Amino acid sequence: MTVTGARPSTPPSTRAETPPPEPPPKRRLGLTLGIVVVGWIVGWAIWRGQATLEIGVAELTDVHRWLLELRDDFDAARNSNVVFLYVIDPVSSALDWVVTFLQELVSQAAFPRPVPEIGWLGVLAILTWVAYALAGLRSALLVAVSLLVFGFFGYWEESLDLLIITAVSVGICCLVGLPLGIWMARSKAATTAVTPVLDLMQTMPSFAYLTPLVLVFGIGPASAVVVTLIYALPPLARITAHGIRNVSPTTIEASRSMGATRRQVLRKVQLPMAKRTIVVGINQCTMAALSMATIAALIDGPGLGQPVMQALQSLDIGGAFVSGLAIVIMAIMLDRTTTAASERAETAARGGTGNARRRRQILAGSAVLVAVAVYFSRTYTDLAEFPASPDLGTPLADGVRSATEWVTSNIEPVTEALKDLVSYGLLNPLQALMADSPWWLMAAVLLAVSYLLGGWRPLVTTAVCLAVILGTGLWNESMKTLTTTVVATLLVMLIAVIIGVWMGRNRRADAFVRPFLDALQTIPPFVYLVPALALFGPTRFTAIVAAIAYATPIATKLIADGIRGVSPTSVEAARASGTTAWQMISKVQLPMARAAVVLASNQGLLFVLSMVVIGGLVGGGGLGFLVVTGFSQAEDFGKGLAAGIAITALGVMLDRITQHAAARTGRA
Amino acid sequence: MTATTEATVTTDAALAVDGLWKIFGTRADGIIGTPDADLSRKDLQAKTGCVMAVKDVSFEVAPGEVFVVMGLSGSGKSTLVRLLTRLIEPTAGQVRINGEEVTSASEEKLREMRRHHVAMVFQHFGLLPHRKVIDNISYGLEVRGEGKVDRRARAQEMVDLVGLSGYEESYPDQLSGGMQQRVGLARALAVDPAVMMFDEPFSALDPLIRRDMQNEVIRLHEEVGKTMVFITHDLQEALKLGDRILIMRDGEIVQVGRPDEVVGAPADDYVRDFVSEVPRSHVLTLRWVMREPRDGESLDGPVMQADQVIKDVARDVLDAEHPIRVYDGEEFLGVVDDEDVLRVVVAEEEGPES
Ligand SMILES: Nc1ncnc2c1ncn2[C@@H]1O[C@H](COP(=O)(O)OP(=O)(O)OP(=O)(O)O)[C@@H](O)[C@H]1O
Ligand SMILES: [Mg+2]
């Protein structure tokens, strides 16, 4: 779900003739890092437990109270401030209106009718028809079956609500993101101005901007659309710009040489040639929107996220499983359909497939059927309200419940052992070290590490971010979250390197594993919590497991691509000099792909962080828990907002350090 | 090929270039006129970071002439040809096409000229992959706003002209490289330009196809008689197509002349090196080997014209009893005997002259 491509390091030329001028910096780096760690441990041993800035669960600092008042100020301003009256309010009412309109059209009772304007049969017919028109027969079947499954699971309204939030957000994304992408592609200044904003939008863990948005937009559908929008816009704008920029310069020059205006070049050359890429962008945008729209359940966004969240919070694995499964099916449905649409865009651009006339006839004919279905669904209650039976949802939930019970009671020793191993072996010592060190010692360590890995610029960013975290009054909680994040990332990298190397070296393995990774990547993060919760109960460890599941695919792919990108000549040369497979991996492939590895850890960290905070929902503790309580307890809102800020600061800090480290290793 | 003699055109030139410069880099404007402008390309780049791509180039091309620009990679050919229609903005200098100023033209005027007066063929074709062959060819007409029916009719004519009949409905990536470049040719011809420009159009093609395409250009030139500016780094191609050849090095003109002048009288070692591999007898004319008759030499031999290529007449010269008398029209210029011809032909067999 990320647009960052792996950029394999420039293959280092075989510099055999001249000895390197300086001693290899790597060893020195390892040594200094070692010294830092030793200093840290010594400092910890001396000052352990002092100045850890820990605060109690119910404790509020002045900052939190100030933020709480800020909300009151915002609420007060809602009726007087110009910005609210003339910008926020109209936007928010317009969004609410659109969502309500669509809901009354397809999913919620449209007063005075007891049912929506269009009943389930009509909706089913329309959506299937649209899928057929845009993406073909197979997608149409997939859509029809998926919708029926949502209904039989008992989530007809919630599914449509989720679709509505996603569709409205994607629609607005297209209205804003496409022009933005075009503008970025055509103007350097625009790129320079917009890129940092997009970067920030993408680095911010999704959980972090829920609270500030609530501050401005309140809770409800409008807010849900706005958060979804913010999250889904960057990939679309980026990919659109990329697609247009990548149109062959010769073709553009040829067009200019014939006297085409800039408009003509855009309309007749750049847009058609970038069409496929742009549809890929829409696919990415849709998947991002779906995953954020489910999380928006936290701020009262309508849709399938609601039942998942409620079930998670009441630890009802069965219920969470069924609604989570519905989300997964929706993800697959949207992904397959938009992908098929992009492939169709490609073939259509190359002269189309088969008989266009016949297709048009079928479309027109079936449109009549759709109209009939809509008419019936408005006339007969049975066709308006999705039938309550057969009910697949309840038996499935019960089945999962008993299966979970059986599994937990039978493999509990195994899961417990695993949990204990990671907890006692990794998590607890590290947490003791990070959270029990005095804050200034910890800050010094982080600054030193950021300087050693990335240089001056991340050092400055880290200093700023740490100051922000200190300011939020949540230092100790942040360090706990950081601990969880680091542990989960270590495990992610361990798995990713093993699988990634295997995939990079073996095409068959790649072909086998990649579809699973792709599938894992389409699943919205929320859903990962369900199986983790089933296996490990509501603990910190659950969040770690979910984070690993969520972050491993992207990291693995980046490493696999990096290994594959190692110049075949180097590999061949190494093989010619009698290198064993293990030497090949450790001396040639991994070192040459190190930029990809660092990039993978960058993405891994960000994905893990965003999942770890979501883990706050199921006993993950730390900052994520504070965000969640911020929504449920009015007086904790200030603390939740502070937690959101701290999460962002953590994210930016980790991102900057690893980005610079990646750039460095790329150059080395 | 039209055999133009020394270009004596001034105002009626199809293309006139005067003192054209292009320096890439920031602050490039400040360099011309300062001593920096005389630095070598390397020194200039080291000193200012700017790249001197085209340096004070002037030449004229007569209507109907095929004018070839050649030089090694990086000598500034592509830049030069793009300056002619301001696909790259010149740093200084003037370009006129059919007497109309290109360099000072407004955006609007420039577009008008690009739409009607010049057309270009590119090394990597630059076709639109999402359009059929026929729509690629009519693209230029579409851009300038012609109706669909006219467009198609004209494009169909071009399809036939370049020998692509039957491929109208194909997409570019279904065609071979040579065929794709035929589409490029047709697209350029479709707008009926006064001047056609080619930037190494055939260097991406394999040798056999390349020869086909060269012959195609010669044939088209005979049929439509366009003025052509042809960029290449292949000397054989230059000699084959060019009425005149301009040789560039590091952005500067080294020599301009007819093929036989370039081969027979290279301006310096750079050019001499360039042409050393050429079979001289294939390019040089009798003019280049004739001499004053010696005292008492027989003047009864057959008559030949001075611009005949040696290779073509070598056999006749050797077979003749007496030295050949060389004329330019009615005017007697000199004589050529077996020895004179053999010196050229045999020197070739022994390898490049020292
Ligand atoms: N946009 C640019 N910015 C800076 N320098 C450039 C630019 N375009 C070309 N140059 C430089 O100008 C010089 C001339 O380049 P040009 O492409 O005109 O050469 P060429 O004769 O066409 O070479 P080739 O046969 O390889 O196509 C080269 O040194 C090149 O590096
Ligand atoms: Mg070139």
Side-chain angles (χ1 to χ4, degrees), chain A residues 134 178 182 185-189 192 239-240 242-282 341-358, chain B residues 78 81-82 84-88 105 107-145 169-174 180 183-184 187-188 190-191 193 195-201 204:
Chain A
L134 291 179
L178 291 180
I182 293 171
R186 286 154 59 99
S187 147
K188 273 230 172 65
T192 335
I239 297 177
T240 303
H242 173 80
I244 291 177
R245 233 180 258 132
N246 267 28
V247 169
S248 131
T250 325
T251 314
I252 292 173
E253 191 172 46
S255 187
R256 283 214 299 140
S257 84
M258 282 180 285
T261 59
R262 266 172 75 87
R263 261 189 90 83
Q264 283 174 321
V265 172
L266 180 67
R267 262 204 10 254
K268 292 176 193 282
V269 182
Q270 289 171 311
L271 282 182
M273 285 175 74
K275 187 167 169 191
R276 184 176 152 73
T277 316
I278 292 176
V279 181
V280 170
I282 294 178
S342 85
E343 275 151 18
R344 175 170 291 253
E346 176 76 352
T347 43
R350 305 267 154 141
T353 44
N355 193 332
R357 154 100 55 87
R358 204 177 126 69
Chain B
S78 295
V81 76
R82 280 165 179 73
L84 301 181
T85 57
R86 276 176 53 197
L87 287 171
I88 296 177
E107 213 24 54
E108 190 66 23
K109 174 81 188 146
L110 181 63
R111 201 149 50 223
E112 166 72 15
M113 292 167 94
R114 286 181 187 164
R115 287 179 178 184
H116 295 275
H117 302 318
V118 278
M120 209 163 154
V121 180
F122 296 85
Q123 176 174 7
H124 297 293
F125 320 143
L127 302 178
L128 301 173
H130 58 285
R131 287 170 168 242
K132 294 174 186 159
V133 164
I134 187 100
D135 296 325
N136 260 293
I137 295 176
S138 62
Y139 179 76
L141 305 168
E142 182 180 332
V143 161
R144 68 189 193 198
E169 304 293 314
S170 305
Y171 284 84
D173 56 9
Q174 297 167 336
Q180 290 189 34
V183 178
R187 178 176 66 180
V191 296
V195 180
M196 287 182 81
M197 305 196 180
F198 299 77
D199 184 11
E200 302 200 22

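Values reported hereafter were calculated over all heavy atoms of this structure, with side chains retained and with hydrogens, waters and symmetry mates removed. A note on names: the letters A, B, ... follow the listed sequences, proteins ahead of strands, and every chain is numbered from 1. Remember, predicted model here, so these are calculated numbers, not experimental data.
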**Q** Quick one: which of B/H116, B/M113, B/M120, B/E142 has the most heavy-atom pairs under 4.5 Å with chain A, could you say?
**A** B/E142
**Q** When rounded to the nearest 0.5 angstrom, what is the spacing between OH in B/Y139 and CG in B/L127?
**A** 12.0 Å
**Q** Give a yes or no on whether a salt bridge exists between B/R115 and B/E112, defined as a side-chain N under 4.0 angstrom from a carboxylate O.
**A** no
**Q** With respect to chain B, which residue among A/S248, A/S255, A/P249 yields the maximal number of heavy-atom pairs within a distance under 4.5 Å?
**A** A/S255
**Q** Taking side chain as everything from C-beta outward and backbone as N, CA, C, O, which of these in B/L87 sits under 4.5 Å from a heavy atom of chain A? Side chain, backbone, both or neither.
**A** both
**Q** Which heavy atom of B/V118 sits nearest a heavy atom of B/P193, and at what distance?
**A** C-CB, 3.8 Å
**Q** Using a 6.0 Å cut-off, check whether atom NE2 of A/H242 has over 12 heavy atoms from anything other than its own residue.
**A** no
